[in-house]
Amino acid sequence: MTTGHAMIELHNVTKYHERERVLDNVSLVVDEGQMLGLVGPGGSGKTLLLKVLCGLVKPDSGSVLIDGVDITRISPVELSDVRKRIGMLFQNYALFDFLNVEDNIAFPLRRAGGMGEREILERVNELLERVNLPGINYQFPNELSGGMKKRVTFARAVIAKPPIIFYDDPTMGLDPVTSSKIFIMLEEFQRTQRTTSICITHDLLGARDICDEWAMIDEGRLVFRGDLSAVRASSDPFVTEFWDGAL
Amino acid sequence: MIGGRLLALMEQLGGMSVLAARMVWGLVTLRADRTEFWRNMYRVGVKSFPVVAVTAVLVGAITVIQTGQVVAEFGATSLVGWGTSFATLREIGPILIGLMFSGRVGANNTAELGTMVVTEQVDALRALAINPIDFLLAPRYLAIIIMMFMLTIIGNLMALLAAAGTAYVLLGVDMRLYYASFAELIELWDFFSGIIKAVGFGSAIALVSCYFGINTSGGAVGVGRAVNSAVVASAVSIFVLDFLLSAMLP
Amino acid sequence: MATEAAPAPQPTQGEETPLLHRFLEGVGGPFTFVGREIFELIRVFALTFFYLFYRPIRWREVVRQCYEMGYRSMFFIAVVMGFLGMIMVMQTGLQAQKMLGDLSMIGALFLQLLFRELGPTITAAMIAVRVGTGLAAEIGSMVVTEQVDALRMNDAEPVQYLIVPRVIACLFMTIVLTCIAMVISFASAMAGAYLMFDLNPRTFYNTDLLIWGDFITFAMKSLAYGIVIPVIGCHAGLAAFGGSEGVGMATTRAVVNASLGITFVDFALSAFGFVFIY
């Protein structure tokens with residue numbers, strides 16, 4: 001499934017917050033086409049790691065490479081170009097509450113330019129069909145339920161067909177039925193588009209069969225990296241306790 | 001639309017009266033929490049002093065720059081001391097310190113209370129059989145009023161000194177002449193009426209900020225909206241009260 | 001270097017900070033804090049100017065903001081300025097009666113003061129309260145719900161996308177609202193003078209004392225306030241972090257800084273006007 005070409009690389013990334021290390025010498029590589037599950041206790045630095053990968057937060061030391069380009073050393077214009085290839089699904093939806101659903105989903109394409117309005121709308125409707133929410137184009141985010149908002153956010157993240165996608169807890173706070181629907185959606189997308197992605201999740205059972213490999217973070221440090229069989233074979237008590245019941 | 005607004009206004013005023021009554025009752029029956037009171041006195045005082053001080057000094061200077069000129073145009077430089085001091089003690093001091101205070105303390109108070117409501121801390125208090133009004137609100141109410149009173153006195157003093165200094169620097173008015181016209185024409189009542197206004201403003205600010213804070217709803221967005229409503233309502237109350245009090249106090 | 005919000009302070013090397021460091025930190029703390037605030041504000045201000053001239057402006061957003069700001073503040077400002085007019089007339093009238101026995105010049109004096117000070121400054125103070133906190137609340141909420149991050153991810157730099165339209169709108173609306181406010185204030189003052197002192201409105205309406213300098217002062221102040229208020233409000237909003245607590249802090253910061261900003265600008269421009277115009 002993977003080509004062996006490193007798409008996402010973190011090398012010795014450290015980030016301080018008022019003298020405390022919130023990211024401690026993290027090194028991570030994700031190959032093209034892989035889906036990495038990123039798990040760990042609350043507050044361990046997972047969301048921060050994704051933000052560092054997007055260039056929304058600058059690390060205090062270390063380098064971050066997206067498809068070979070070190071994003072900690074490039075200009076804002078070049079960073080914009082890199083970001084055009086990344087789709088991000090935020091933990092709290094981050095839907096623009098001043099735009100309706102259609103404008104929200106179309107936003108990345110309209111900002112990037114270069115696509116006709118009719119084509120944009122076609123794609124929006126296509127995606128709405130795909131996430132099973134046809135016809136809600138003119139509603140506003142505050143009129144939608146949590147599950148609906150998550151699906152709209154997903155649509156917005158993938159509409160520009162980015163080669164890299166970050167999911168920050170796509171099923172947080174959702175009921176089991178909706179959760180499994182979301183994971184099915186992610187899996188189908190991953191399979192058909194061959195994207196490279198990182199998925200933060202607390203739902204180990206639900207995500208277990210979707211992610212190719214796993215990384216675990218605790219208090220800013222990377223404590224495990226490997227696939228499911230490595231998880232099973234691990235003798236680290238932290239790992240076994242965390243995965244207890246989900247294997 | 002106006003009808004709807006008027007109804008909302010009435011509802012708010014009603015709610016505030018009820019809250020005021022309950023807070024005062026908490027104070028009168030000594031059920032208000034004493035530790036919270038002193039804690040708030042300290043925080044309110046420390047937080048607002050620098051801002052009030054800076055404002056007072058600048059306002060004193062501005063008052064001289066604007067009114068001193070008017071008095072001078074009428075050839076009455078001997079009245080500069082009186083003119084600016086009168087304006088400061090009676091109107092400008094209480095109003096501007098009030099507005100500043102409403103921003104620094106009122107907004108902060110609403111924000112804090114609002115956050116506590118939204119993060120369910122107030123519910124937690126109720127679940128522990130602690131009356132939020134006695135524990136949270138009444139102490140803040142009293143602390144804000146007392147602090148406003150103290151800060152207005154200090155602020156007025158600083159404004160007057162700044163005014164005197166500016167008069168000397170810009171208009172060449174001799175300090176003694178300034179003081180003479182001040183001492184001769186300013187009555188103790190001018191000072192007191194300003195203080196009474198300050199206490200009035202302080203109660204309004206305290207009541208409004210507590211009311212909007214404790215009635216916050218709607219998460220982070222709700223907190224922002226509550227603070228917004230609180231500062232607007234405080235500002236309006238200051239001016240309306242000023243008008244009423246000016247008319248009532250000769 | 002990519003510019004992002006909330007820069008983290010750099011840590012010292014060792015784990016223990018020597019006593020001297022901590023003492024200096026304690027004393028210098030407030031100064032560095034104020035210094036950093038002002039520096040951040042200047043940075044946002046400079047960025048706003050840059051985007052104002054070097055990037056396309058979202059005019060539809062500007063119009064929408066104008067409507068929002070005007071609609072939300074008009075009633076409030078009208079009430080305040082109305083009362084202010086009457087208060088001023090009441091106080092100056094009483095004192096003029098006592099001291100000079102002659103009320104004929106109150107109107108002229110009031111008009112002059114209105115242009116130079118009361119009009120622009122009090123209106124601006126009210127706009128700071130209404131619009132300044134509103135902007136901080138709105139943008140602050142967007143920050144804590146990660147909408148601003150989402151904007152950045154889509155190549156919509158927050159200063160250009162959010163702040164520039166609001167600054168333009170506020171600048172325009174400040175001038176418009178100040179003019180309207182001054183008319184209301186003057187009208188209520190005129191009514192007050194008539195009702196309280198039986199002063200003929202035509203005597204009250206006296207433009208003898210107005211000089212061109214007054215108009216210039218009015219224009220300068222309105223313009224300055226119109227820029228200072230939204231920049232401070234938006235900056236406070238952008239610097240928010242940490243959920244509802246952060247939004248509360250941002251709104252408080254906005255109103256305090258905006259009020260202080262207005263006071264400083266008022267002082268600077270009044271002094272400037274005094275020295276150069278009068």
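In what follows, chains are A, B, ... by sequence order, proteins preceding strands, each numbered from 1. What you are looking at is a predicted structure, and each value in this text was computed from that prediction instead of being measured.
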(Q) Taking side chain as everything from C-beta outward and backbone as N, CA, C, O, which of these in A:Asp97 sits under 4.5 Å from a heavy atom of chain C? Side chain, backbone, both or neither. (A) both
Q. Side chain, backbone, both or neither: which part of A:Arg110 has a non-hydrogen atom closer than 4.5 Å to chain C?
A. neither
Q) Taking the six-membered ring for Trp, are C:Tyr161 and A:Phe107 parallel (under 30°), tilted (30 to 60°) or perpendicular (over 60°)? A) perpendicular
Q: Verify the neighbour count for atom CZ of A:Phe98: are there more than 12 heavy atoms of other residues, nucleotides or ligands below 6.0 Å?
A: yes
Q) Do other residues, nucleotides or ligands put more than 12 heavy atoms under 6.0 Å from C:Phe76 CZ? A) yes
Q: Could you please state which residues from residues 138-151 of chain C sit under 4.5 angstrom from chain A, measuring non-hydrogen atom to non-hydrogen atom, sorted by number, or 'none'?
A: C:Met142, C:Thr145, C:Glu146, C:Gln147, C:Asp149, C:Ala150, C:Leu151
(Q) My understanding is that only residues two or more places apart in sequence, or in another chain, count here; which of them pass side chain to side chain contact (heavy atoms under 4.5 Å, CB included) with C:Ile180? (A) C:Met74, C:Val176, C:Ile184
Q. C:Arg152 and A:Leu56: which non-hydrogen atoms are nearest, and at how many Å?
A. CB-CD2, 3.7 Å
Q) In terms of heavy-atom contacts, does OH of C:Tyr51 have more than 12 from other residues, nucleotides or ligands at under 6.0 Å? A) yes
**Q.** A:Lys51 NZ to C:Met153 CE distance, which is reported to the nearest 0.5 Å
**A.** 11.0 Å
Q | Options A:Val77, A:Ile86, A:Leu95, A:Thr153, ranked by heavy-atom pairs under 4.5 Å with chain C, top entry | A | A:Leu95
Q: State whether the number of non-hydrogen atoms from other residues, nucleotides or ligands found under 6.0 Å of A:Glu20 atom CD is greater than 12.
A: no
Q | C:Phe39 atom CZ, over 12 foreign heavy atoms within 6.0 Å | A | no
Q. Considering only heavy atoms, which portion of A:Glu78 lies under 4.5 Å from any heavy atom of chain C: side chain, backbone, both, or neither?
A. neither
**Q.** OG-CD distance between A:Ser80 and C:Glu157, expressed to the nearest 0.5 angstrom
**A.** 8.5 Å
Q | Shortest non-hydrogen contact from C:Asp155 toward A:Lys84 | A | OD2-NZ, 3.8 Å
Q | Summary of salt bridge (Lys or Arg N to Asp or Glu O under 4.0 Å) pairs that have at least one residue in residues 57-79 of chain C, sequence neighbours excluded | A | C:Arg58-C:Glu61, C:Glu61-C:Arg64, C:Glu61-C:Arg166, C:Glu68-C:Arg72
Ignoring hydrogens and angles, write down the donor-acceptor pairs under 3.5 Å from the side chains of residues 237-246 of chain C, residues two or more places apart or on other chains.
none

